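Take a look at the structure below.
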Amino acid sequence: MDKLIITAALCGSVPTRQQNPHVPYSPQEIAEEALRCWRAGASVVHVHVRDPQSGAPAFERHLFAEVVERLRAESDVIINLTTSAFNLEADDPGQARLMPVDLGPDLCSLDVGSLNFRGRVFSNPPDWVERAAAYMLEKGVKPEMEAFEVGHVVQASDLVAKGLIASPPWFQLCLGIAWGAPADLDSLLALKARLPVGAQWSVLGTGASQLPLTTHAMLMGGHVRVGFEDNLYLSRGVKADSNARFVERAVALAGLLQRPVASCAEARQILGLPGREPQRA
Ligand code: MG
């Protein structure tokens, strides 16, 4: 089994401070949370940005750029920027969605299929997905392919077969989003069974499923994603005061299960990413 890659998904676009007062909004707050998670043992941080005042979902270049700059200055953490914006107003919304690729991250999320995502359609048309994969390949940014359904894994395998994905393919198996694959072991096994040969994969579970599903992933040789984007509670009624609490718990659990946790350098090796100078914590 490879060492365990822990991803911290810091704020997403949905959770609010009304739900948990510790959700970071400004680039500085997001970067500080990322660094706390990195010090706690996360090797990857998954970044969305927010309007610094209202916390509304945002997609401004300068907000992403500030987070990247702050993290690069102080850490060797692997930076994963989202490309899952929707309803962007631009001449070419498909290209506008790929703006984070131009900011020099290590990874960008790539949603390989469409689904009903709670109350809306999360639209990722096949032509956009291929264009996005080709653009990331050209820019040397590895996609983290987010799969919410078995069909998404099959579609991702098609991208791999077309030579659009650098080896090894890297997946985030997303469980518990209404109305994607439910957050249970049967779903996880179904998605895992369809992964292309040689794939590396991580698991996220929403809400109370975060702990059991990430535990399954650790035991099965997968990697894990934790944090506020998927879950605000450490246990019933107990809100986490930082994303780092989830990382600390994942590190402790991995220790109990005797699954060593990957450093950033080791995670880079596992994911086939170029190295960076390690920074001191
Ligand atoms: Mg995301």
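Everything numeric here is computed off the predicted structure, so don't read it as measured data. Numbering of ligands and ligand atoms starts at 1, following listing order. When reading the values below, keep in mind they use all heavy atoms of this one structure, side chains included, and skip hydrogens, waters and symmetry mates.
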Identify whether the distance between the nearest side-chain nitrogen and carboxylate oxygen of Glu29 and Arg17 falls below 4.0 Å. yes
Backbone or side chain, does Glu146 get an N/O/S atom under 2.8 Å to the Mg ion (ligand 1)? no
Contacts satisfying ring-ring contact (aromatic ring centres under 6.0 Å, His included) that involve residues 166-195 (not counting sequence neighbours) are Trp170-His223
Glu229, N/O/S atom nearest the Mg ion (ligand 1): OE2
Whether Glu146 and Arg225 form a salt bridge (side-chain N of Lys/Arg under 4.0 Å from carboxylate O of Asp/Glu) is what I want to check. yes
When you draw lines from the Mg ion (ligand 1) to NE2 of His48 and to NE2 of His46, what angle lies between them, to the nearest 10°? 90°
Between the main-chain N or O of Gly12 and the side-chain N or O of Arg50, is there a donor-acceptor pair closer than 3.5 Å? yes
